Amino acid sequence: MSRRLRLWLLAVGGAGLAALLAAACLDLPGFGGRSHPYGTRAVHASLTRHTANAIASVNFDQRAYDTLGEMNILFAAVLGCVVLLRQARDEHRARPEPARVALPVRRYALLVMPVALVCGLYVIAHGQLSPGGGFQGGVVAATALHLLYLGADYHALERVRPLGVFEATDACAVSAYLVLGLAGVLAGTAFLANTLLPYGTFNTLSSGGTVPLLNAAVGMEVASAVVVLLANFLDQAVEIEEESAG
């Protein structure tokens with residue numbers, strides 16, 4: 001395919017996309033109006049299934065299939081980084097020497113690390129009740145562990161971050177999300193349908209049916225994926241070195 005033909009295809013596709021976007025924008029409800037059809041339906045479905053956080057209801061109930069795709073994108077991205085950043089034949093590992101850390105930085109990092117970790121787990125556990133959820137809480141929990149790298153050294157981080165465990169947890173979390181979806185099919189409903197469990201008491205940890213379980217699976221996957229991703233980048237930056245030419 002020539003460069004000119006590719007440019008023409010890009011122009012035609014871009015023009016079509018722009019036309020569809022303009023048509024969609026022209027058909028939107030008036031700004032500040034009282035008509036919010038999508039929001040009204042989403043909130044109604046959320047309250048019907050006893051999920052206090054309407055956004056969590058959308059992510060893990062009303063469009064849980066889309067969230068599965070988003071989770072798989074992260075899983076595939078981390079897998080690609082692991083493959084690209086693996087140790088090559090012309091590289092070797094050099095154990096880094098511990099760096100001197102300023103005392104205020106050490107104290108602050110070691111003090112904040114458990115607090116940040118608990119906050120991340122709290123956000124995951126309460127995703128169906130309050131703003132946040134598996135994606136946000138997973139990132140907070142994963143980055144909290146790396147405060148140990150700032151407050152102590154790389155060896156200390158490696159001791160609390162067994163990479164094989166996090167890799168297995170990442171895969172198990174994705175599998176758990178799929179199993180929960182297939183359980184709906186086996187129960188005679190639909191894939192990822194929120195019909196397996198009782199909806200529970202509104203605004204409690206056990207409410208929302210399968211929403212808390214799917215949210216927890218995403219939290220585990222995101223936390224594990226971020227840990228694995230940062231571990232490979234840190235290995236590349238700190239330990240892996242190219243072989244000397246001489």
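Keep in mind that what you see is a predicted model, and the values were worked out from it rather than measured. Residue numbers count from 1 along this sequence.
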NE2 (His126) and OG1 (Thr204) are apart, to the nearest 0.5 Å, by 10.0 Å
TODO: Check for a donor-acceptor pair, side chain of Ser46 on one end and backbone N or O of Ala42 on the other, with a separation under 3.5 Å.
DONE: no
Would the distance check show the side chain of Thr67 and the main-chain N or O of Phe60 forming a donor-acceptor pair, the cut-off being under 3.5 Å?
no
Practice task
Count the heavy atoms belonging to other residues, nucleotides or ligands that lie under 6.0 Å from CD1 of Ile55, then report whether that count exceeds 12.
Solution key: no
Path from Val115 to Leu117 over hydrophobic side-chain contacts below 4.5 Å:
no
Would you check if the side chain of Arg86 reaches a backbone N or O of Val83 as a donor-acceptor pair within less than 3.5 Å? yes
Worksheet entry | Single-linkage hydrophobic cluster, 4.5 Å side-chain cutoff, Tyr122 and Leu129 together | no
With sequence neighbours left out, the residues meeting salt bridge (Lys or Arg N to Asp or Glu O under 4.0 Å) with Asp61 are Arg49
Rounding to 0.5 Å, atoms CG (Leu68) and CG (Asn72) come to a distance of 4.5 Å
Here the pair of heavy atoms bringing Val140 nearest to Ala116 is CG1-O, 3.5 Å
* Is there side-chain contact between Val160 and Leu148, with heavy atoms separated by less than 4.5 Å? -> yes
Under 4.5 Å between any side-chain heavy atoms of Leu74 and Val222, yes or no?
yes
_Checking side-chain polar atoms at under 3.5 Å, does Thr201 have a donor or acceptor matched by the opposite partner on Ser207?_
no
Only one of Leu229, Val78, Thr169 passes side-chain contact (heavy atoms from CB on, under 4.5 Å) with Ser224, and that residue is Thr169
Separation between OG (Ser175) and CZ (Phe75), nearest 0.5 Å, reads 7.5 Å
Heavy-atom closest pair (Leu196 atom, Ala187 atom, distance to 0.1 Å) is CD2-CB, 3.6 Å
Within 6.0 Å of NE2 in His36, more than 12 heavy atoms from elsewhere: yes
Checklist entry - side chain to side chain contact (heavy atoms under 4.5 Å, CB included) between Leu157 and Leu234: does it pass, once the steps are laid out? => result CA-CA 11 Å; Leu157 174 62; Leu234 282 174; 3.8 Å; yes
Does Phe191 CZ have over 12 foreign heavy atoms under 6.0 Å away?
yes
Of all heavy-atom pairs linking Ala64 and Leu214, the shortest is CB-CD1, 4.3 Å
- Query: Do Val58 and Tyr38 come within less than 4.5 Å of each other through their side chains, counting heavy atoms only?
  - Reply: no
Between Asp153 and Tyr149 (side chain of the first, backbone of the second, donor and acceptor by atom type, cut-off under 3.5 Å), is there such a pair?
no
Is the count of non-hydrogen atoms from other residues, nucleotides or ligands lying under 6.0 Å from Arg106 atom CZ greater than 12?
-> yes
> Do Val211 and Ile124 sit in the same hydrophobic cluster, where Ile, Leu, Val, Met, Phe, Trp and Tyr count as joined when their side-chain heavy atoms come under 4.5 Å apart?
Replying inline: no
Does Leu85 reach the side chain of Asp235, with side-chain heavy atoms less than 4.5 Å apart? no
Please check this pair: side chain of Asn203 against backbone of Ala52, looking for a donor-acceptor N/O pair closer than 3.5 Å. no
Between Met71 and Val174, the two heavy atoms sitting closest are CE-CA, 4.1 Å
The complete set of ring-ring contact (aromatic ring centres under 6.0 Å, His included) pairs with one or both residues in residues 157-180, sequence neighbours excluded, reads none
Here the gap from Leu5 atom CG to Leu9 atom CG, rounded to the nearest 0.5 Å, amounts to 4.5 Å
Within the distance-only criterion (no hydrogens, no angle test), does the side chain of Thr189 pair as donor or acceptor with the backbone N or O of Val185 below 3.5 angstrom? no
In terms of hydrophobic clusters joined by side-chain contacts under 4.5 Å, are Leu145 and Val101 together? no
Quick check against the 3.5 Å criterion: does Asp170 have a side-chain atom that pairs as donor or acceptor with the backbone of Val228? no
Donor on one side chain, acceptor on other, Asn194 and Thr210, under 3.5 Å:
yes
Minimal heavy-atom distance between Met113 and Ala144, with the atoms involved, is CG-O, 3.1 Å
Worked check of side chain to side chain contact (heavy atoms under 4.5 Å, CB included) between Glu158 and Leu163: CA-CA 8 Å; Glu158 286 186 314; Leu163 199 54; over 6 Å; no
Under the side chain to side chain contact (heavy atoms under 4.5 Å, CB included) criterion, do Leu147 and Val112 qualify, and how do the steps go? CA-CA 8 Å; Leu147 289 173; Val112 172; 3.9 Å; yes
Rounded to the nearest 0.5 angstrom, the SG-CG distance for Cys81 and Leu230 is 10.0 Å
Using the rule that Ile, Leu, Val, Met, Phe, Trp and Tyr join whenever any side-chain heavy atoms are under 4.5 Å apart, tell me whether Val226 and Phe135 fall into a single cluster.
yes
Practice problem: Please check if atom CZ in Arg100 has more than 12 non-hydrogen atoms from other residues, nucleotides or ligands closer than 6.0 Å. | Solution: no
TODO: Please answer whether the main-chain N or O of Ala56 pairs with a side-chain N or O of Gln128 as donor and acceptor at a distance below 3.5 Å.
DONE: no
**Message:** Within the structure provided, determine whether Phe202 and Thr51 are in side-chain contact (heavy-atom separation under 4.5 Å).
**Reply:** no
